[in-house]
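Heads up, the thing below is written out as structure tokens.
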Amino acid sequence: MSFIDTLLQGVLLGGLYALFAAGLSLVFGIMRLVNLAHGDLIVLAAFLILLIVSTFGLDPFLAAVIAAPMMFGIGWLLQYHLLNRTLGKDILPPLLVTFGLSIVIQNGLLEGFTADSRRISAGALETASVNFGGISAGVMPLVTFASAVLVIVALNQLIYRTALGRAFRATSDDVVTASLMGIRPNAIFAIATGLAMMIVTVAALYLGTRANFDPTAGPARLIYAFEAVIIGGLGSLWGTLAGGIILGVAQTVGAAINPEWQILSGHIAFLLVLLFRPRGLFPRAVD
Amino acid sequence: MTTGFETMSNEIETPQGWRVETRTRLSGIFAVVSLMAVVALAAAPFLVSRGVVQDLFFILTMLALAQNWNLLAGYAGLISVGQQLFVGCGAYALFGLVILAGFDPIFAIPFAGLFAMVVAAPTAFFAFRLYGPYFAIGTWVIAEVGRLLFAQWKTLGGGTGTSMPREATKDMLGLSLLQDWFGMRSSAAADALAYWLALALAALTIGFVYKLLRSKQGLGLAAVRDNETAARALGVEARRLKTAIYLLTAFLTGIVGALIYLQKARISPDAAFSLTDWTAYVVFIVVIGGIGTIEGPILGVIVFFLLQNAFSSYGSWYLLALGALAIVTMLFAPRGLWGLISDRTGWELFPVRRLLKGGPHSRDDKGGPHG
């Protein structure tokens, strides 16, 4: 039973990693931009939620609803005024600018919130659990997983069913032709990053309510997100969920054997996938 | 083509008397000046205080790291943010060889470099499977794996790390000679020895990068950077060249790591595999100084040191400003400070461009062929 329990915890943890990864995946899919500050933006959003919760005494879920449009604005401005300038054939400028941004956000948060570990309190939900025939699962992990599925369904609907999604796909395929058809790539990119930041807010809500976080927690989140994307295969959001689940299961199984091996076994699962399926398990994009 | 780096031809004789040259008059003068600078720097332990020698040691090791990263990212297009893996591996190899195998520390340094290179082979195998930007994060993940694995090595202190035993460094190679010849105290002699090794390493790294870039392989590298498909069509073995560069920079980075930790005499996985210390600072040095030039990292490390001295007491504000400075540089002066200088003046202190000289209708200031 305890093995099935471990597996279930791993699968549910995978939901959180899929949420970390969905924003990264969206941004890369549309503009081939790898945002090295993605993890730090998740932590920034977590601090934003914490700030709203502690200032107005709101419920964290309500606080996230308020934080989401603010994060959209931050993402939009960041993309429109900073990152769009770096896009081009050369991969060096976007990488180095987002790397610099990552250091800036981390140290900005350190100045603003000190290096203390924080946590967003979700009240009774934190300890609530449900029982399935002898196996119990926390309500928060279940809600996280459900949110991940919901976010992916919503994103797929958006990308394949709406005019905005069509514009996303068109600019992703061919920027020049898309702009000939009356699409402004820079505006499309800014909206995409804004959307990614709204997903980041959802991820931050669960990051902050489920575990402690501090200003330097970002890089590790980026790495988990990246591993989920690569394990799942580029260009497929359901693949990213699968990647998150594999990563989560590898980590909980590793931790069950020896608590020190939790992170390491996740990395090893990632390297094994890279060894046997270099394009990931469910690749969709050509690059 | 081979991947040996020994072939070097900066002057190719052609039938009409044309010559392909990379040297300029300025670079000739600069070569003499830099030789004198190296000699002056070598005399530093006799002329300046120990504190200054330690500062210079820091500058030189950061310069060697920066030149290596610049070769990787600026010339070979391999943007790694996982170079701390090789610093850490070199440092741990040094401690392992000295503490567990009883090696002399100085003698262990080249083996530490070799160990880093051995680690780089499987790393390259994995990381090279990742496309462009994902290569960067891939190298980072592997560096994390290295940090976590070394934290499991209980005989070297596990996660908390260990110290270099005093007896091991007290009678290391050459130390007693320095004490006898120059009457240095033991600690001053150890500092001087580490400093000279750092100086030699930085000078050799710059010399190696310069020679490489002027060689046939360097031309191939520039061709791959500008257009990989076209370069491969002309017979440049891009992948082999990149792998060779990756392994070589790992070797040199490992040696620098061993040297830094010989001086620090205290190691822990979090410090030896630190992203901030061994990759973020190095990236900022290269970007601010000018990526893709040899002069850039030299200028960058001086600027970095001055900033560090002036503002490092501000802690995270300092790092924030450094990151912001790197972003601004990348956006508005992508070729860095050196790019700004050489645009204004046309200076090339380490010229690697091939210029056509001589020939029958030469307007060369030397007055004709072979003049």
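Model, not experiment: these values are computed from the prediction. The chains referred to below are lettered A, B, ... by the order of the sequence lines, with proteins before strands, and numbering in each begins at 1.
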What about B:F128 and B:Y246, are their ring centers closer than 6.0 Å? yes

Any idea which of B:A73, B:P133, B:G315, B:G138 has the most non-hydrogen atom pairs under 4.5 angstrom with chain A? B:P133

Ignoring hydrogens and geometry, is there a side-chain-to-backbone donor-acceptor pair from A:S25 to A:A21 under 3.5 Å? no

Chain B shares the most heavy-atom pairs under 4.5 Å, among A:L36, A:T98, A:L264, with A:L264

Residues 102-110 of chain A, side-chain donor-acceptor partners within the protein, below 3.5 Å, at least two apart:
| from | atom 1 | to | atom 2 | distance (Å) |
| --- | --- | --- | --- | --- |
| A:S102 | OG | A:D40 | OD2 | 2.8 |
| A:Q106 | NE2 | A:D40 | OD1 | 3.2 |
| A:N107 | ND2 | A:I103 | O | 2.7 |

Looking only at non-hydrogen atoms, find the nearest pair between A:Q79 and A:T193 and report the distance. OE1-OG1, 2.7 Å

Proximity of A:Y17 and A:Y224 rings by center, below 6.0 Å: yes

As a quick check of understanding, evaluate ring-ring contact (aromatic ring centres under 6.0 Å, His included) for B:F304 and B:F284, giving each step before the final call. CA-CA 8 Å; B:F304 170 71; B:F284 293 156; 8.6 Å; no

Answer yes when A:E260 and B:K154 have at least one side-chain N-carboxylate O distance shorter than 4.0 Å, and no when they do not. yes

So, using side-chain contact (heavy atoms from CB on, under 4.5 Å) as the criterion, who are the partners of B:A231 when residues are at least two apart? B:A223, B:V224, B:V236

Is B:V283 close to chain A through its backbone or its side chain, or both, or neither, when contacts mean heavy atoms under 4.5 Å? side chain

Side chain, backbone, both or neither: which part of A:L95 has an atom under 4.5 Å from a heavy atom of chain B? side chain

Counting heavy-atom pairs under 4.5 Å to chain B, which of A:L274, A:L101, A:I230 comes out on top? A:L274

Aromatic contact between A:F189 and A:Y80, with the criterion being ring centroids under 6.0 Å apart: yes or no? no

Closest contact, heavy atoms only, B:G157 versus B:T160: O-OG1, 2.9 Å

So which residues of residues 317-332 of chain B are in contact with chain A at a heavy-atom cut-off of under 4.5 Å? B:W317, B:L319, B:L320, B:G323, B:A324, B:I327, B:M330, B:L331, B:F332

Need one label for A:P94: side chain, backbone, both or neither, based on atoms under 4.5 Å from any heavy atom in chain B. neither

Determine the minimum heavy-atom distance between A:L24 and A:H38, stating which atoms define it. N-CE1, 3.4 Å

Check: B:G292 main-chain N/O paired with B:N70 side-chain donor or acceptor under 3.5 Å: yes

What residues of residues 83-91 of chain A sit under 4.5 Å from chain B when you count only heavy atoms? A:R85, A:T86, A:I91

I want to check a possible cation-pi pair here: B:R129 against B:F125, using under 6.0 Å from ring centre and within 45° of the ring axis as the test. yes

Is A:L33 in contact with chain B via its backbone, its side chain, both, or neither, using a 4.5 Å heavy-atom distance? neither

